[in-house]
Number of protein chains: 4
Amino acid sequence: MTEAVAPRKGRPRSADADVAILAATRAALAELGWGGVTMGDVAVRAGVAKTTLYRRWPSKNELVVDAVAVLFDELEMADLGSLRADIESVVRQFADLLARPESQAALLALFAEASRDPALRRRVREAIIHPQKRLVHQGRAAAQARGELAPDASPEAADADVDIIFDTIAGTVEHRMLVSGECADPEWISRFTTLLLTPLTALPQNPAGSV
Amino acid sequence: MTEAVAPRKGRPRSADADVAILAATRAALAELGWGGVTMGDVAVRAGVAKTTLYRRWPSKNELVVDAVAVLFDELEMADLGSLRADIESVVRQFADLLARPESQAALLALFAEASRDPALRRRVREAIIHPQKRLVHQGRAAAQARGELAPDASPEAADADVDIIFDTIAGTVEHRMLVSGECADPEWISRFTTLLLTPLTALPQNPAGSV
Amino acid sequence: MTEAVAPRKGRPRSADADVAILAATRAALAELGWGGVTMGDVAVRAGVAKTTLYRRWPSKNELVVDAVAVLFDELEMADLGSLRADIESVVRQFADLLARPESQAALLALFAEASRDPALRRRVREAIIHPQKRLVHQGRAAAQARGELAPDASPEAADADVDIIFDTIAGTVEHRMLVSGECADPEWISRFTTLLLTPLTALPQNPAGSV
Amino acid sequence: MTEAVAPRKGRPRSADADVAILAATRAALAELGWGGVTMGDVAVRAGVAKTTLYRRWPSKNELVVDAVAVLFDELEMADLGSLRADIESVVRQFADLLARPESQAALLALFAEASRDPALRRRVREAIIHPQKRLVHQGRAAAQARGELAPDASPEAADADVDIIFDTIAGTVEHRMLVSGECADPEWISRFTTLLLTPLTALPQNPAGSV
DNA sequence: CGTTAATCGAGACGGTACGTCGTGTCTTGGG
DNA sequence: CCCAAGACACGACGTACCGTCTCGATTAACG
């Protein structure tokens with residue numbers, strides 16, 4: 001049992017407050033963008049004192065991570081019967097997520113902040129990166145079960161494959177939508193999936209088959 | 001000649017100041033990160049009054065764009081005789097650039113700010129995005145001249161190809177280095193180039209050949 | 001019997017707590033001054049929860065009144081056989097009391113607060129002013145008994161006399177010690193007593209004899 | 001030339017701001033009392049940024065000293081031809097001053113704060129105490145010139161006399177009005193003046209003549 | 001060669017948000 | 001009913017930057 005809940009003394013923290021604060025944070029992000037999010041404003045929106053925010057999150061950054069993290073929990077790898085369909089589904093889900101104003105406002109800013117703050121970086125990894133990477137693992141395993149991909153040569157090679165595919169999918173979609181500022185319509189998704197699929201399904205004897 | 005310098009009256013602006021300010025901005029970025037860069041601090045570092053900064057740049061964001069833009073001007077597409085070599089060269093240059101603390105601190109933050117500020121977005125595109133995209137155009141043209149790639153089916157198709165390749169290269173390298181936080185060593189670059197090269201050089205009759 | 005203690009149900013209040021709290025308040029006053037006294041800090045010093053403080057005193061002000069009030073209970077009018085000796089004795093006691101850091105820190109601040117808060121004003125009067133005024137009454141009665149002072153012309157005149165003498169003694173000693181910041185050594189006390197004694201013992205037919 | 005005005009650089013401080021801030025401080029004192037005076041509120045009332053307050057005064061205490069100091073500058077010793085008339089005039093002026101809500105709110109609180117803060121104590125002395133003490137010196141000199149008081153035995157004795165008279169007048173009037181909370185009407189002033197005058201004009205051979 | 005006008009440094013200015021602290025209340029679990 | 005612990009809403013604190021402004025002092029080109 002990992003939940004060794006210390007029977008804490010004093011008034012317990014309000015669970016409602018957490019929910020209200022995170023929702024208020026997302027609302028503020030969507031309305032005002034990253035720069036417009038203010039601890040004081042979030043507190044007012046959530047009907048909560050500023051002190052309560054600071055008692056639970058050390059700063060705006062960690063608060064925003066938690067606020068947007070739930071969005072990434074909704075991503076899921078539905079086994080659709082073919083690698084192409086699975087990839088397209090994941091890319092579409094990710095594109096939909098990036099189309100929401102709250103994630104748009106938060107994502108790049110969080111990554112930028114995280115590049116300076118190790119604690120924040122850890123939090124971002126656990127709350128945002130890992131849930132996404134999990135999908136790649138799942139899709140890869142499903143494709144291997146179907147015989148579309150060769151089985152793992154070694155655990156290390158498998159991890160390297162997952163990493164490069166994950167960075168390519170996440171980075172490319174983010175760059176197109178958030179930097180280039182263009183939408184990811186079905187046609188683009190199809191083209192991008194083709195681009196990905198070609199090397200993945202190249203002849204296994206070709207060393208490049210394991211990218 | 002576009003430099004139609006109106007021979008204005010009064011004391012001319014100091015050219016030294018521009019150089020000192022941009023250098024000071026890069027230094028502050030490298031030392032303190034995006035959040036640590038302050039107009040007042042940059043002014044002090046450059047030995048210049050705050051007024052002088054604001055007379056030349058409307059705000060911190062535009063100043064930082066110009067300060068890091070010069071780094072992107074150094075990127076160049078050297079025709080090395082093969083598409084693989086050209087791609088690897090460009091990726092390596094881009095990875096080297098992203099390894100510098102000043103660009104790390106600035107890039108994602110600028111993209112995040114730009115997603116809310118249209119004027120900044122334009123400036124970012126001109127100073128940072130276009131110089132990079134130019135390389136893709138050049139490399140593609142060289143490869144076509146060498147016969148490694150099929151000629152353009154149409155100008156629109158060519159643009160779409162350039163866009164998707166550009167987003168993939170830039171996005172993936174940025175994601176690996178700035179978000180995943182891992183380095184882009186020669187081995188990774190080689191693997192990533194293979195991943196890119198496979199669909200590009202697939203049989204032309206294959207519709208996927210034009211990604 | 002005024003102590004009609006209603007035999008209330010439930011756990012009785014700890015008597016130790018009162019003592020500990022008042023002592024902690026005086027200690028905090030002496031160490032940190034008026035501004036440094038904090039309900040939270042007093043609670044910690046007294047080893048008591050903040051709730052316990054507020055259950056017994058409505059606010060910091062009333063707590064401090066009670067904390068310093070006991071100091072004023074120590075003042076006493078010892079009949080030393082002459083009006084001069086009695087006055088000098090009282091002034092010396094009062095000067096000694098004002099030399100303590102806790103009363104220095106509290107007295108003026110309490111008076112200042114009381115000038116805005118009627119409830120506090122009442123409490124200050126009962127706990128601090130009246131015990132002092134009592135001494136003047138006692139000394140005056142003793143002097144009359146000894147024939148040093150004329151008997152009361154009327155109760156109203158007596159009250160007016162006591163008031164003016166009390167304000168003069170208390171105000172002057174406080175002003176010298178707390179505002180001018182100088183000590184009240186025996187020599188100064190003697191001079192001040194002379195100043196007081198001269199009009200008091202002036203010929204009774206002189207209307208000024210009754211100041 | 002004591003005004004060695006350093007030819008300061010940069011934008012000079014607004015003189016209007018000083019006036020507006022001090023007036024706003026007095027208004028806030030009169031309306032809300034000591035506890036109600038807030039730096040933010042004063043800034044708003046004065047139409048000024050909080051920064052501007054803090055640039056000129058290190059804290060609320062020093063600000064209030066300067067704000068009420070001007071009230072004490074209005075006190076003056078008008079030579080009315082007799083020591084009694086002069087004393088009654090001064091006492092009346094001081095009583096009138098203490099009847100104003102802004103001085104009532106400020107005075108005791110300032111004295112209380114000053115008892116802990118040496119810098120504030122100095123400021124209070126220069127801005128409030130000294131202007132008052134000056135009056136005692138002037139009145140004494142005038143009375144000596146008229147022959148109502150004996151000339152100085154020595155400078156030290158003169159200072160001691162001034163000190164004790166000053167503490168007696170200031171302390172007693174303050175105590176009656178601010179602590180006892182009663183008014184100083186002409187009758188009380190007359191009685192108090194008599195109390196003071198008797199020892200002052202006692203026979204010079206009487207050692208008590210020099211109180 | 002003086003006038004004129006834009007530049008420069010310095011720093012004060014009105015704002016806004018910050019993160020902390022103190023107050024007095026409320027809510028737990030446990031005497 | 002009391003108590004310790006501690007969360008809570010509220011509001012002031014003093015600081016840091018922002019981007020603007022007002023100074024006196026330079027520093028060219030123009031007349």
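Lettering of chains follows the sequences in order, A, B, ..., and the numbering in each one begins at 1.
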Rounded distance (Å) that lies between atom P of F:dG14 and atom CG of D:Leu63:
11 Å

With nearest nucleotide decided by heavy atoms, which residue, A:Val37 or C:Val37, maps closer to the 5′ end of DNA chain E?
A:Val37

What is the distance, to the nearest angstrom, from the NZ atom on A:Lys60 to the P atom on E:dT16?
16 Å

Given that D:Pro12 and A:Gly47 both sit by DNA chain F, which one's nearest nucleotide is further toward the 5' end?
A:Gly47

Could you give the CG-to-P distance, from A:Leu53 to E:dA17, as a whole number of Å?
15 Å

Taking for D:Asp41 and for A:Ala15 the nucleotide of DNA chain F with the nearest heavy atom, the one nearer the 5' end belongs to A:Ala15

Taking only N and O in the side chain of D:Thr52, is any of them less than 4.0 Å away from OP1 or OP2 of E:dG14?
yes

Check whether any side-chain heavy atom of B:Trp57 sits under 4.5 Å from a side-chain heavy atom of B:Asp18, and report yes or no.
yes

Does a side-chain N or O of C:Arg56 approach OP1 or OP2 of F:dC3 to a distance below 4.0 Å, or not?
yes

Should A:Leu110 and A:Ile128 count as side-chain neighbours, where that means a heavy-atom distance under 4.5 Å?
yes

Can you check the B:Lys9 NZ to F:dT27 P distance for me, whole Å?
19 Å

Judged by each residue's nearest nucleotide on DNA chain E, which is more toward the 5′ side, B:Val48 or B:Gly10?
B:Gly10

Which atom pair, heavy atoms only, marks the closest approach of D:Ala127 to D:Ala69?
CB-CB, 3.7 Å

Is any N or O donor-acceptor pair between the side chain of A:Arg11 and the base of E:dC26 shorter than 3.5 Å?
yes

Pair of N/O donor and acceptor under 3.5 Å linking E:dG19 base with A:Lys50 side chain:
yes

Protein-nucleotide distance (A:Trp57, atom CH2; F:dA7, atom P), rounded to Å
14 Å

Using only modelled atom types and a 3.5 angstrom limit, is any donor from either the side chain of C:Thr51 or the base of F:dA5 paired with an acceptor on the other?
yes

